[in-house]
Amino acid sequence: MKAAPEAQKRLLDLAELDSKLSRLAHRRRTLPELAEIDEQSKRYARLVTQAIEAETEASDLARDQIKAEGDVDTVRTRADRDQKRLDSGAVASPRDLAGLQSEIASLQRRQGDLEEVVLEIMERREAADAQVRAFGTQRDELAAVLSTSEARRDAAFAEIDKEAAELRTNRTAATEDIPADLLKLYEKLKDQYTVGAAMLHGGRCQGCKVALSIAEMNRIKAAPHDEVLRCDECRRILVRTPESGI
């Protein structure tokens with residue numbers, strides 16, 4: 001392929017712009033905020049799960065408490081009814097009287113046992129409610145931290161995207177004076193190596209940083225100025241300049 005030396009040198013401007021765009025893309029992918037957001041999002045998801053579990057436990061305990069209190073009320077009502085019957089003197093038979101007194105005593109013991117169950121459930125519910133509040137507070141605090149991290153990420157994205165847009169505008173302008181066939185080759189190589197051209201500087205390809213052999217340097221020296229050369233090592237377009245050492 002043939003191309004005017006000046007057109008080939010324009011590839012170096014294009015390569016520099018592509019290198020900057022590549023660095024910006026890498027910076028965008030590796031922003032510290034992205035790792036922070038990922039970790040914070042995972043922690044937030046865990047807190048949400050823990051909060052739901054705590055809320056479910058508290059809800060179950062609230063239901064258990066209502067049932068247990070209902071059982072206490074049922075036993076208390078029955079005991080009160082039997083006590084009124086006993087106090088009324090309506091039970092005259094010693095046998096029936098003894099049976100009624102025994103039932104009242106049994107109901108009182110049952111009521112005491114059920115009241116202990118209610119107290120235990122209340123204590124467990126209080127602990128569960130405290131967990132719900134604690135997880136809710138942690139979740140809200142982490143949500144605020146996450147929101148701040150996302151704002152920093154978005155600001156960094158905006159800055160990078162603005163700079164990238166300017167570079168792409170400059171890149172479009174830089175391609176205007178490059179022959180179509182040369183540009184097509186460059187673009188093909190760019191897709192493979194990020195940038196498709198590199199300067200030959202001091203006998204070394206600036207793309208792969210490999211020093212050319214004496215034989216290769218002699219071949220380059222003998223090549224016409226408009227011949228498009230390729231690096232034997234990395235296959236990028238090798239652009240000759242006054243700093244090339246030839």
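Quantities reported herein were computed from a predicted structural model and do not represent experimental measurements.
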Do [X] and [Y] share a hydrophobic cluster (ILVMFWY, side-chain heavy atoms under 4.5 Å, transitive)?
X      : Y      : answer
Leu189 : Leu14  : yes
Val132 : Tyr44  : no
Tyr193 : Leu12  : yes
Met199 : Met217 : no
Leu61  : Val118 : no

Side-chain donor-acceptor distances from residues 47-56 under 3.5 Å, at least two apart:
| residue | atom | partner | partner atom | Å |
| --- | --- | --- | --- | --- |
| Thr49 | OG1 | Ala45 | O | 3.1 |
| Thr56 | OG1 | Ile52 | O | 2.8 |

From CG (Leu167) to OG (Ser22), nearest 0.5 Å: 11.5 Å

SG-CD distance between Cys208 and Glu233, expressed to the nearest 0.5 angstrom: 5.5 Å

Tell me the closest heavy-atom pair linking [X] and [Y], and the distance in Å.
X      : Y      : answer
Leu114 : Val72  : CB-CG2, 3.4 Å
Leu17  : Ala174 : CD1-CB, 4.0 Å
Gln40  : Leu146 : OE1-CA, 3.5 Å
Ala3   : Leu182 : CB-CD2, 3.7 Å
Gly207 : Ala198 : N-CB, 3.3 Å

Taking side chain as C-beta onward, heavy atoms only, is [X] less than 4.5 Å from [Y]?
X      : Y      : result
Val75  : Asp71  : no
Gln65  : Met122 : yes
Cys234 : Val210 : no
Glu159 : Lys162 : no
Ile121 : Glu126 : no

Has [X] got a side-chain atom pairing as donor or acceptor with [Y]'s backbone, closer than 3.5 angstrom?
X      : Y      : answer
Arg10  : Asp177 : no
Thr172 : Arg168 : yes
Arg153 : Glu33  : no

Residues which pass salt bridge (Lys or Arg N to Asp or Glu O under 4.0 Å) with [X], listed by chain and number, not counting sequence neighbours:
X     : answer
Asp38 : Lys42
Arg76 : Asp73, Glu115
Lys9  : Glu6
Arg63 : Asp60

Pairs of donor and acceptor atoms involving the side chains of residues 238-246, under 3.5 Å and at least two apart or interchain, shall be tabulated with distances.
| residue | atom | partner | partner atom | Å |
| --- | --- | --- | --- | --- |
| Arg240 | NH1 | Ala223 | O | 3.3 |
| Arg240 | NH1 | Pro224 | O | 3.2 |
| Arg240 | NH2 | Pro224 | O | 2.8 |
| Arg240 | NH2 | His225 | O | 3.3 |
| Arg240 | NH2 | Glu227 | O | 2.8 |
| Thr241 | OG1 | Glu243 | N | 3.2 |
| Thr241 | OG1 | Glu243 | OE1 | 2.9 |
| Ser244 | OG | Leu200 | O | 2.5 |
| Ser244 | OG | Thr241 | N | 2.7 |
| Ser244 | OG | Thr241 | O | 2.9 |

Throw together a table of side-chain donor-acceptor distances under 3.5 angstrom for residues 96-104, partners on residues two or more places apart or in other chains.
| residue | atom | partner | partner atom | Å |
| --- | --- | --- | --- | --- |
| Glu103 | OE2 | Arg78 | NE | 3.0 |
| Glu103 | OE2 | Arg78 | NH2 | 2.8 |

Pairs meeting criterion salt bridge (charged side-chain N to carboxylate O under 4.0 Å, His left out) with involvement of residues 202-222, two or more places apart: Glu216-Arg219

No-hydrogen, no-angle side-chain donor-acceptor test under 3.5 Å, Tyr186 and Asp18: yes

Distance-only donor-acceptor check, side chains Asp87 and Gln83, under 3.5 Å: yes

Lys184: side-chain contact (heavy atoms from CB on, under 4.5 Å) partners, not counting sequence neighbours: none

Contacts of type side chain to side chain donor-acceptor pair (under 3.5 Å), residue [X], not counting sequence neighbours:
X      : result
Ser19  : Arg23
Glu187 : Arg171
Glu141 : none

More than 12 heavy atoms of other groups within 6.0 Å of Lys2 NZ: yes

